[in-house]
**Q** 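Here it is, the structure in full.
Computed from a predicted structure; not experimentally measured. Reminder, nothing fancy here: chain letters follow the sequence lines and each chain counts from 1. Side-chain atoms are counted along with the backbone in the values below, which use heavy atoms only and exclude waters and symmetry mates.
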There are 2 protein chains.
Amino acid sequence: MSPGHTGVTTAGLFDSREECGIRDVLDRLGDKWSVQVVVELSRGVRRFRELQRALPGGISQRMLTLTVRRLERDGMVSRTVHPTVPPRVDYELTETGRSLAHLIRTLTDWSLRHHDEITDHRVHWDAANPGSGIR
Amino acid sequence: MSPGHTGVTTAGLFDSREECGIRDVLDRLGDKWSVQVVVELSRGVRRFRELQRALPGGISQRMLTLTVRRLERDGMVSRTVHPTVPPRVDYELTETGRSLAHLIRTLTDWSLRHHDEITDHRVHWDAANPGSGIR
DNA sequence: CGGAATCCTACGTGATACTG
DNA sequence: CAGTATCACGTAGGATTCCG
């Protein structure tokens with residue numbers, strides 16, 4: 001092992017080309033709102049408007065509907081309609097959804113640990129590569 | 001605790017509204033190629049064309065350039081230019097990049113564990129919600 | 001070989017209006 | 001309240017061409 005190496009190897013980390021089914025999960029993590037919705041629902045049951053108001057940045061009705069529908073379709077969120085007037089709809093994480101919340105926690109932990117490092121590196125890289133257009 | 005509960009709680013999993021710096025990382029994980037590039041580089045040093053041919057699905061030159069540049073900007077990948085003719089450029093994971101590879105391994109593990117479950121749930125949901133347009 | 005520059009298209013997202 | 005329906009827009013990504 002080379003001098004100064006801290007011991008993080010990745011040699012046999014990924015067996016074969018097994019990235020096939022992973023796209024689905026990464027697409028959800030990558031879209032603009034799913035992670036925030038799961039995080040908010042990890043704090044408890046939420047109604048539609050409740051959820052909307054809780055999300056920082058201000059999600060539109062349309063996008064919140066799309067986001068919770070997709071999460072429901074994947075089995076991460078349960079949707080309970082109360083036949084009252086005015087209507088009341090409760091959203092809650094399923095067992096799988098709670099597992100996803102823990103995965104997201106792992107992600108945020110990693111992000112927090114490396115955030116400053118990444119930001120600093122970007123500043124230096126941008127200074128060394130003026131007008132590259134990369135973002 | 002309710003009967004039948006398997007013990008996965010998420011009550012105090014996320015302290016406050018700490019999703020601020022996480023967007024950067026999620027954007028990289030969410031785009032189409034970054035994860036595949038990191039996975040391929042976790043197997044060893046790669047040249048530009050080498051990397052391009054290794055990625056299933058066929059990445060364009062443009063997108064490979066953008067992807068490795070962004071990873072380089074974030075400090076995940078090092079880029080070494082050999083001043084020969086024809087030119088030779090080597091890409092390699094940095095220490096932080098190898099840490100990211102391990103995080104991605106955690107993601108793929110979770111995906112593989114829940115892939116069948118998610119797929120099955122989608123089939124049933126699509127059958128129960130015909131013509132919803134949700135994907 | 002390893003790009004950069006340009007053009008083009010599809011899709012995710014936002015804003016607004018309407019409904020049961 | 002909890003949506004649905006439409007339109008409008010920006011940008012990620014693909015295809016192509018040219019360069020050192």
Side-chain angles (χ1 to χ4, degrees), chain A residues 23-37 40-41 45-74 77-92 129-135, chain B residues 23-37 40-41 45-74 77-92 129-135:
Chain A
R23 261 300 96 201
D24 297 338
V25 178
L26 290 174
D27 285 344
R28 286 291 114 66
L29 295 177
D31 73 26
K32 193 170 178 177
W33 299 107
S34 293
V35 168
Q36 286 192 51
V37 167
E40 181 58 29
L41 288 182
V45 180
R46 293 289 186 274
R47 303 179 55 171
F48 189 86
R49 298 286 302 188
E50 221 173 0
L51 202 44
Q52 186 177 19
R53 278 187 288 263
L55 299 190
I59 187 175
S60 62
Q61 282 193 347
R62 168 179 154 75
M63 285 315 298
L64 182 55
T65 301
L66 281 177
T67 302
V68 292
R69 283 293 188 288
R70 291 197 277 239
L71 289 172
E72 187 199 1
R73 178 172 181 259
D74 288 357
V77 164
S78 70
R79 179 170 173 271
T80 310
V81 181
H82 299 84
T84 60
V85 46
R88 174 198 177 96
V89 180
D90 284 340
Y91 292 94
E92 187 176 13
N129 303 77
S132 69
I134 302 291
R135 296 291 167 264
Chain B
R23 261 301 95 201
D24 297 337
V25 178
L26 289 175
D27 285 345
R28 286 292 111 72
L29 295 177
D31 73 27
K32 194 170 177 178
W33 299 108
S34 293
V35 168
Q36 286 192 51
V37 167
E40 181 58 28
L41 288 182
V45 180
R46 294 288 186 274
R47 303 179 55 172
F48 188 87
R49 298 287 300 190
E50 219 173 0
L51 202 44
Q52 186 178 20
R53 278 187 288 263
L55 299 189
I59 187 176
S60 62
Q61 282 193 350
R62 168 179 153 77
M63 285 315 298
L64 182 54
T65 301
L66 281 177
T67 302
V68 291
R69 282 293 188 288
R70 290 197 276 239
L71 289 172
E72 187 199 2
R73 178 171 180 259
D74 288 357
V77 163
S78 70
R79 179 171 174 271
T80 310
V81 181
H82 299 84
T84 61
V85 47
R88 174 198 178 97
V89 180
D90 285 339
Y91 293 94
E92 187 176 12
N129 303 76
S132 69
I134 302 291
R135 296 291 168 263

**Q** Mind listing the closest non-hydrogen atom pair of Glu50(A) and Val45(A) along with its distance?
**A** OE1-O, 4.5 Å
**Q** Base, sugar-phosphate or nothing for Arg135(B)? Non-hydrogen atoms, less than 4.0 Å.
**A** nothing
**Q** Can you name the side-chain hydrogen bond (donor to acceptor under 3.5 Å, both in side chains) partners of Arg47(A), sequence neighbours left out?
**A** none
**Q** Which atom pair, heavy atoms only, marks the closest approach of Gln36(A) to Lys32(A)?
**A** NE2-O, 4.1 Å
**Q** Distance check needed: dC1(D) P versus Arg46(A) CZ, whole Å only.
**A** 16 Å
**Q** State which residue, out of Leu51(A), Val81(A), Thr80(A), fulfils the side-chain contact (heavy atoms from CB on, under 4.5 Å) condition with Val89(A).
**A** Val81(A)
**Q** With rounding to the nearest 0.5 angstrom, report the CZ to CD distance, Arg79(A) to Glu92(A).
**A** 14.5 Å
**Q** List in chain and number order the residues that pass side-chain hydrogen bond (donor to acceptor under 3.5 Å, both in side chains) with Asp27(A), two or more places apart in sequence or in another chain; answer none if no residue qualifies.
**A** Arg23(A)
**Q** Distance under 4.0 Å to a non-hydrogen atom of chain A counts as contact; along DNA chain C, which nucleotides mark the start and end?
**A** dT13(C) to dG20(C)
**Q** For residues Arg28(B) and Asp31(B), report the shortest heavy-atom separation together with the two atoms involved.
**A** O-OD1, 3.2 Å
**Q** Take atom CD of Gln61(B) and atom P of dT17(D), then tell me their distance rounded to the nearest Å.
**A** 13 Å
**Q** Can you confirm whether Ile134(B) sits close enough to Asn129(B) that some side-chain heavy atom of one is under 4.5 Å from a side-chain heavy atom of the other?
**A** no
**Q** Side chains of residues 54-72 of chain A: which donor-acceptor partners sit under 3.5 Å, not counting sequence neighbours?
**A**
from, atom 1, to, atom 2, distance (Å)
Ser60(A), OG, Met63(A), N, 3.3
Thr65(A), OG1, Gln61(A), O, 2.9
Thr67(A), OG1, Met63(A), O, 2.7

**Q** Starting from the first five and the last five pairs of the helix from dC1(C)-dG20(D) to dG20(C)-dC1(D), work out the angle between the resulting helix axes, to 10 degrees.
**A** 40°
**Q** Using a 4.0 Å cut-off on protein heavy atoms (strictly under), produce a 5'-to-3' string for nucleotides 7-15 of chain D with B for base contact, S for backbone-only sugar-phosphate contact, and - for none.
**A** ------BBB
**Q** Would you kindly compare Arg79(A) and Pro87(B) by the position of their nearest DNA chain D nucleotide and give the one closer to the 5′ end?
**A** Arg79(A)
**Q** Give a yes/no answer on whether the side chain of Tyr91(A) brings an N or O atom under 4.0 Å of OP1 or OP2 in dG3(D).
**A** yes
